[in-house]
Amino acid sequence: QVQLVESGGGLVQAGGSLRLSCAASGRTFTTYTMGWFRQAPGKEREFVAVITGSSGSPYYADSVKGRFTVSRGNAKNTVYLQMNGLKPEDTAVYFCAARPDSIVRPYSTRLTYPYWGQGTQVTVSS
């Protein structure tokens, strides 16, 4: 059974930093793209950042470029999101997601991700 478990969320002041982690289990993820989406209250779930399995290439939403960094652990079954310069508008539940590298649809297409975590809350106070 595949499981994605997020950790590292919390409350932080604007300008601060947090590091999210996602540990995946139940299958091999070396050829899976893994990353992050987020959902604020009353809004749709949106793409944040992903990193591919085979090449380790990162991709970011424009809203987080230059502030967030996505990376993977050596075993490639863990993905991280280093969030710096946090803003109140970053407040959301952050979800880990995974899909095969072979899928050619845009990374932002959430329906292409078969595996999801339960989410971790990030709250940025002004």
Side-chain angles (χ1 to χ4, degrees):
Q1 182 181 356
V2 173
Q3 280 191 315
L4 303 180
V5 180
E6 303 97 337
S7 61
L11 173 64
V12 64
Q13 288 189 333
S17 298
L18 280 175
R19 188 189 194 214
L20 304 184
S21 300
C22 171
S25 61
R27 65 161 302 127
T28 301
F29 287 89
T30 52
T31 57
Y32 270 63
T33 294
M34 295 182 68
W36 301 89
F37 285 71
R38 67 186 181 186
Q39 188 167 16
K43 295 188 176 181
E44 291 194 352
R45 194 171 298 188
E46 65 175 5
F47 169 75
V48 175
V50 295
I51 184 167
T52 62
S54 53
S55 65
S57 300
Y59 299 89
Y60 298 95
D62 288 343
S63 58
V64 306
K65 278 182 184 176
R67 300 189 297 123
F68 291 10
T69 302
V70 63
S71 62
R72 292 178 77 145
N74 289 335
K76 293 197 173 181
N77 64 339
T78 304
V79 63
Y80 306 99
L81 186 68
Q82 178 67 43
M83 305 185 292
N84 299 328
L86 282 161
K87 304 175 182 180
E89 51 263 44
D90 294 317
T91 295
V93 177
Y94 283 69
F95 296 89
C96 180
R99 77 179 199 186
D101 282 345
S102 57
I103 293 178
V104 296
R105 296 286 299 278
Y107 295 114
S108 59
T109 308
R110 62 183 185 270
L111 292 179
T112 62
Y113 292 81
Y115 303 121
W116 290 88
Q118 292 300 306
T120 185
Q121 177 71 46
V122 172
T123 303
V124 185
S125 63
S126 58

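- Residues Tyr59 and Val64 are members of separate hydrophobic clusters, defined by side-chain heavy-atom contacts under 4.5 angstrom among Ile, Leu, Val, Met, Phe, Trp and Tyr.
- Considering every non-hydrogen atom in both Gly73 and Tyr80, the closest pair reads N-CE1, 3.8 Å.
- Residues Phe47 and Trp116 are members of one and the same hydrophobic cluster, defined by side-chain heavy-atom contacts under 4.5 angstrom among Ile, Leu, Val, Met, Phe, Trp and Tyr.
- Here Arg72 contributes atom CZ and Thr30 contributes atom OG1; the two are 8.0 Å apart, rounded to the nearest 0.5 Å.
- Of all non-hydrogen atoms in Ala24 and Leu4, the two that sit nearest each other are CB-CD2, 3.2 Å.
- Screening Leu18, Thr120, Val48 for a side chain to side chain contact (heavy atoms under 4.5 Å, CB included) involving Leu81 leaves a single residue, Val48.
- When atom types are taken as modelled, the side chain of Asn84 and the backbone of Ser17 share no donor-acceptor pair closer than 3.5 angstrom.
- Side-chain atoms of Tyr113 come within 3.5 Å of backbone N or O of Tyr107 as a donor-acceptor pair.
- Minimum heavy-atom separation, Pro106 to Arg99: O-NH1, 3.2 Å.
- Annotation for Lys76 and Ser54: closest pair NZ-O, 4.1 Å, computed over non-hydrogen atoms.
- In terms of modelled atom types and a separation under 3.5 Å, the side chain of Asp101 and the main chain of Thr52 share no donor-acceptor contact.
- Remark: side-chain polar atoms of Glu6 are paired, donor with acceptor, to backbone N or O of Gln118 under 3.5 angstrom.
- Contacts of Arg45 classified as salt bridge (Lys or Arg N to Asp or Glu O under 4.0 Å), with partners at least two apart in sequence or in another chain: none.
- At a threshold of 4.5 Å between side-chain heavy atoms, the hydrophobic network of Ile, Leu, Val, Met, Phe, Trp and Tyr places Phe37 and Leu86 in two separate groups.
- Remark: Lys87 does not engage Asp90 in a salt bridge, criterion side-chain N to carboxylate O under 4.0 Å.
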Step by step, would you call Val122 with Met83 a side-chain contact (heavy atoms from CB on, under 4.5 Å)? CA-CA 10 Å; Val122 172; Met83 305 185 292; 3.9 Å; yes

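- Contact record, Thr109 with Thr112: O-OG1, 2.6 Å, taken as the closest heavy-atom pair.
- Under the 4.5 Å side-chain contact rule for hydrophobic residues, Ile103 and Tyr32 do not share a cluster.
- Closest approach of Ala14 and Pro88 over heavy atoms only: CB-CD, 4.1 Å.
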Which is it for Val70 and Val50 under the side-chain contact (heavy atoms from CB on, under 4.5 Å) test, yes or no, and what are the steps along the way? CA-CA 7 Å; Val70 63; Val50 295; 6.0 Å; no

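- By the 30° and 60° cut-offs, the orientation of the rings of Phe29 relative to Tyr115 is perpendicular.
- At least one donor-acceptor pair under 3.5 Å links the side chain of Arg67 to the backbone N or O of Gly85.
- Taking CD of Gln39 as the start and CD of Gln121 as the end, the distance is 11.0 Å to the nearest 0.5 Å.
- The same ILVMFWY cluster, assembled from side-chain heavy atoms under 4.5 Å apart, contains both Trp36 and Met34.
- Judged by distance alone, the side chain of Thr91 and the main-chain N or O of Val124 form a donor-acceptor pair under 3.5 Å.
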